[in-house]
Amino acid sequence: MPAKRTHTCGDLRAVDSGADVVLHGWVHRRRDHGGLIFIDLRDRYGLTQVTFDPNRNPHGHSTAEGLRNEYVVCVQGTVAARPSGTTNPNLATGDIEVIATTVTLLNAAKTPPFYINDDASVDESLRMKFRYLDLRRTAMREAVVLRHRVIKRMRDVLDRQGFLEIETPILTASTPEGARDFLVPARLHPGEFYALPQAPQQFKQLLMVGGMDRYFQVARCFRDEDTRSDRQPEFTQLDLEMAFVDEEDVTGTIEALLIECIEAYSSKRIMSKPFPRISYADAMARYGCDRPDLRFGLELTNLTALLGTSGFSVFRGAVEAGGIIKGLVVPGCAGWSRREIDGLTELARTFGAKGLATAAWLPEGIRSAFRQHVGDEVMGRLCDGMGAHEGDLILIVADREATTNAVLHRVRDHLGAKLGLADPEVLALCWVVDFPLLEHDEDRGVWTFTHNPFCAPKDADIHMLDTNPGAASSKQYDIICNGFEIGGGSVRIHTRALQERIFHLMGYTPDQVQALFGTMLDAFEYGAPPHGGIALGLDRIIAILCGASTIRDAIAFPKNQVARDLLMGSPSQVTDNQLAELSVRVSLPISRT
RNA sequence: GGUCCCGUGGUGCAGCGGUCUAGCAUACGUCCCUGUCAAGGAUGAGAUCGCGGGUUCGAAUCCCGUCGGGACCGCCA
C-alpha cells in the first residue's frame, strides 16, 4: 500500500518548507534534463513540481525516467523552497518543490487520444468519447467545480430562507401539450407507460396545496425535442415555488439569489442592479425578441408610418399585406463591402426575410437602392428618425411582423458579436414581464398558452378573457442574461373556476380537462393557497458564467447533437427478451432507398 | 423534415486539378543533456487524405451519394 495522501497538489506553499509530505496525482508533464528530472504532478486542486536528483536519490530518479504523461503516482518527499531565480509565479505552488524520496507507480497510462496538459481545441466527439479524460482538462474541471459551488450556494441561500428541498418523481405521467415526452414502458401494466417529467410543474403546485409553502429542487427535466447548443434532452433546473406571494416576491428572491451566486463565484460584472424590467411589448419593439441582449444598443426603430406609403413597392407592399417595417443603425459601417452586406442578407434570409434594404451614409451622400423610390425628403427624415450619422449603415426589413422582428433580432445579435459590442465580461440580466397570457393558434382555431396553462392572468385583465382574450396580460416573468432565457415562471392560477375558464379557451372539453388535469383541479378545491414560482436553467447559467458557447461544456456527461451519449453508447438496442417483458414491439420506419 | 459548415499521421492545422513519393506544429519512440516549468538538442517511426461512385490523360483537391460531427430553421408549454 502506498502512503496516505497528506496534501493535494494545490496546497503547498513556502511556509511548508521542510515538511515531509505525500502527494498522489497524475503526471502532467515531465522535464528530463538527463540529470535532474522535474515532474509536474496534477490533481484537481493544482500542480506541484516534484524534483528527482540522481545523486540524492538514484532509485527514485530511475523510476522517474520511466514515467510518462498521465501515469498515476504516489510521491513521498520533502517540501523545499525553490532556489532563487527558479520560482514559477504562474503556479500557486510555484515557490516550492517536493524533493522526492520515494515514488510509487500506482498505474501506467496509454498515450491519451488528445492533449490533457494543453487547452488546444479538440474535436468534440472525441472529447465526448473520452469524457473521463476531458474532465481532467482545465476548462471542464473548472466548469464542474463552478457548477458545484453555484448549486451549493443556491441550496444554502434557499435553506436560510426557509425553503425545503423536496424530490418529485422521475417516473410520472405523460402530460399533453408542451414538448414530446420520453416514455418508459410499465412492465407491471402492459401497454401503459410512465413519462419522464418535462418539469415538476404540477408536483410543485401540489406541494403548495400540501402546505410546503417554500419548495425548491435541483430538478432533472426531460424533453424529447431536437437539441441545440443550449438545449439537451435532459437538463437541470433550479425549480422553485412559493405560497402566498406575488410576482415581486418571486423575482426578488431569484434576483438576490443570482446576484449572490454570481458575485461569489464569477469575475464577470453585472451590468445593472436591480435587474431592469422590460415589458414584452417593449422588448419586441426595441429588440425584436422577448430575450434581448442588453449589453449593447443597436435598437430597432419602427419605420412603418414613414416608409409604408412610400414609392418603394417592397415597403408599400409589405405594409399593405399587414406587415411592418423596422430597421436599425449600424454605427460607422457605411463603408462595408458588398460581400459583407451580402453576408448579412444571407443571414436575414435564413430567418425568413425576402431581403434586407440598406442605406449607407457615405461622405458623398447616401447610397441606397431605395433612395430614388422614397425621395430625398423621406430619406432625410429616415436618418433623423433613426438617429443615423454620416458613416453609418442603415438596415431595414419589411415583412410580416413576426418575420421582421425575428430577422432584425438575429441581425442585431450577429452585429453585436461581430462588432465586439457584446462584452463577454458583462452579464446583462433583466426581467421580461407583461407577457400576453394567450396567443391564437391559427392552425387549430383556439387560444393557446404562451408560458404554461397554469399561469395566472393579471387581475385587471381577467374581465377580458371572455371579450378579448388575446389582450390579457399574464403574471409571467422571464429572466434573461445576455440574450439567453435563463429562467421563467409565473404566479399561478389557484382556483378551479379560473383554471377551467382558461382550459375552455384553449379548446379543451370538460371531460378532457378532468382526465388530464383533474388531480390538480380537485386539489384546488381543498384550500389551495395563492402561489407562484420559477425555474432557472442551471446548465445555461453555468455555461454563461464559464464563457462556454454550449451547455455541453457545463455538463459532465452530455449528449451530442443527435442526442447520443458517445461515452456510454446510448441509446442502444435491447434484447428481444427485454422487449417481450415490457410488451413492446419495435416497428422501425421504412428506410429510404 | 429542411438549410449550411466540417471530415488530411495520435492531436491541431496547411495543401484545394499534375510540382503531393502529402507539408507544418505538437504528441510518440530512441539517444544526449543537472534548474527546468510549452525545458533544450539530435534522430526515428507514423496518414493512400471518412467511405462509395463519377468527371478527367491525371483527384486529397471538382461533382453525386453516403456515413460521422457541428451550427441553425422547424420543433422546444
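Order of the sequence lines fixes the chain letters, A, B, ..., with proteins taken first and strands second; residue numbering starts at 1 for each chain. These numbers were taken from a predicted model, which means no experiment stands behind them.
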Query raised in the report: Can a donor-acceptor pair be found between the side chains of A:Thr519 and A:Gln202 at a distance below 3.5 Å?
Result: no
**Report entry** Donor-acceptor side-chain pairing of A:Asp123 and A:Ser125 below 3.5 angstrom
**Finding:** yes
Report task. Could you tell me whether A:Arg349 contacts a base, only the sugar-phosphate backbone, or nothing, with contacts defined as non-hydrogen atoms closer than 4.0 Å? Result ->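 Here A:Arg349 touches no strand at all.
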Query - Centroid under 5.5 Å and tilt under 30°, A:His33 to B:A39 - result: yes
Query raised in the report: So, A:Phe38 and B:U36: ring centres less than 5.5 Å apart, planes less than 30° off, yes or no?
Result: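 Ring-base stacking flag set for A:Phe38 and B:U36.
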For [N], which nucleotide in any strand shown is its Watson-Crick or wobble partner with both distances under 3.5 Å?
| N | result |
| --- | --- |
| B:A45 | none |
| B:A25 | B:U11 |
| B:G40 | B:C32 |
| B:G68 | B:C6 |

Residues touching RNA chain B, which here means a heavy atom under 4.0 Å, drawn from [range]:
| range | result |
| --- | --- |
| residues 60-69 of chain A | A:Arg68, A:Asn69 |
| residues 547-561 of chain A | A:Arg552, A:Asn560, A:Gln561 |
| residues 475-487 of chain A | none |

Query raised in the report: Can you check the A:Phe182 CZ to B:C76 C1' distance for me, whole Å?
Result: 12 Å
Requested in this report: Could you state the atom-to-atom distance from CZ of A:Arg540 to C1' of B:C76 in whole Å?
Outcome: 9 Å
Report task. Tell me, please, which residues at least two apart from A:Arg220 pass salt bridge (Lys or Arg N to Asp or Glu O under 4.0 Å). Result -> A:Glu234
How far does the [atom1] atom of [N] sit from the matching atom of [M], given to the nearest Å?
| N | M | atom1 | answer |
| --- | --- | --- | --- |
| B:G29 | B:G68 | C1' | 32 Å |
| B:U61 | B:C16 | C1' | 4 Å |
| B:C4 | B:A45 | C1' | 40 Å |
| B:G15 | B:G23 | C1' | 7 Å |
| B:C73 | B:G17 | P | 35 Å |

Query raised in the report: How would you list, by chain and number, every residue that makes a side chain to side chain contact (heavy atoms under 4.5 Å, CB included) with A:Ser587, sequence neighbours excluded?
Result: none
Between protein and nucleic acid, restricted to nucleotides 4-7 of chain B and to nitrogen or oxygen atoms under 3.5 Å apart, what atom pairs and distances do you find?
none

Report summary line: By nearest-nucleotide position on RNA chain B, the 5'-leaning member of A:Pro113 and A:Asp32 is A:Pro113
Query - Nearest-nucleotide comparison on RNA chain B, the residue closer to the 5′ end among A:Phe454 and A:Thr227 - result: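 Result: A:Thr227.
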**Report entry** Over 12 foreign heavy atoms within 6.0 Å of NZ, A:Lys129
**Finding:**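 Check fails, neighbour count at 12 or below.
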Query - Any A:Arg31 side-chain N or O less than 4.0 Å from OP1/OP2 of B:A38 - result: no
